[in-house]
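Okay, so here's the structure we're looking at.
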Amino acid sequence: MRAVRYWLLKSEPDVFSFDDLLRAPRRTTVWGGVRNYQARNYLRDELQVGDGVLFYHSSTDPSGVAGVARVVRAGYPDPTQFDADDPGHDAGSKHEAPRWFAVNVRAEQELAELVSLERLRAEPRLAGMGVLRRGNRLSVQPVTPAEWKLVLALGGLS
DNA sequence: GCCAACGTTGGC
DNA sequence: GCCAACGTTGGC
């Protein structure tokens, strides 16, 4: 069995916050609507059940990691691509060859303290994190086990 | 296949 | 609101 991996998933809290996830039925949501091929590849091929998720709040003040979640369903075709009324509708995507994928994630624990972007930047051992790179836009990013552990510690989780 | 125009993301 | 980064689109 493959080792657990770790990921950072971005969400705009005005749209869907970690708090929303905590309040969702079974504290679980479909993580979809992603229309970027690199992120799609991660969702389709890499995220597996049991993988850890850093839930990152973007486009807010302060931005940062708000909580920890877990992948509870691996990649499957994102239903919104087939929904003509959905903003993520993709007329070019066929059921037999879906273009876009989603996973399900379940909230595990809110960080005692939000780990802000500023705080992440201040930690030299986190300098390699994708979310710190200028111009970074990828909404699904891999995180190393060491980064995962450190972010949780900064957030007040042991 | 090149590349300019355009749209989106997201920090500041 | 600004603008850098960068993915996508479409003319050629």
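Sequence lines set the chain letters: A, B, ... in the order given, protein chains first and strands last, and positions in each chain run from 1.
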Protein-nucleotides 8-12 of chain B N/O pairs under 3.5 Å:
residue : atom : partner   : partner atom : Å
dT8(B)  : O2   : Arg137(A) : NH1          : 3.3
dG10(B) : OP1  : Lys10(A)  : NZ           : 2.6
dG10(B) : OP1  : Arg137(A) : O            : 3.2
dG11(B) : OP1  : Tyr56(A)  : OH           : 2.9
dG11(B) : OP2  : Ser59(A)  : N            : 2.9
dG11(B) : OP2  : Ser63(A)  : OG           : 3.0

Could you list the donor-acceptor pairs under 3.5 angstrom formed by side chains in residues 108-115 of chain A, with sequence neighbours left out?
residue   : atom : partner  : partner atom : Å
Glu108(A) : OE1  : Arg70(A) : NE           : 3.3
Glu108(A) : OE1  : Arg70(A) : NH2          : 2.7
Glu108(A) : OE2  : Arg70(A) : NE           : 3.1

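Atom CG of Leu132(A) and atom P of dA5(C) are 16 Å apart (whole Å). Distance CZ (Arg134(A)) to P (dC6(C)): 9 Å, rounded to an integer number of Å.
The aromatic rings of His95(A) and Phe82(A) sit parallel to each other, their planes meeting at less than 30°, with 60° as the upper class boundary.
Remark: the Asp19(A) side chain and the Ser17(A) side chain contain no N/O donor-acceptor pair separated by less than 3.5 Å. Using modelled atom types and a 3.5 Å distance limit, the side chains of Arg35(A) and Thr80(A) yield a donor-acceptor pair.
Exactly one of Tyr76(A), Tyr42(A), Trp7(A), Phe55(A) qualifies for a ring pair (Phe, Tyr, Trp, His ring centres under 6.0 Å) with Trp31(A). That residue is Phe55(A).
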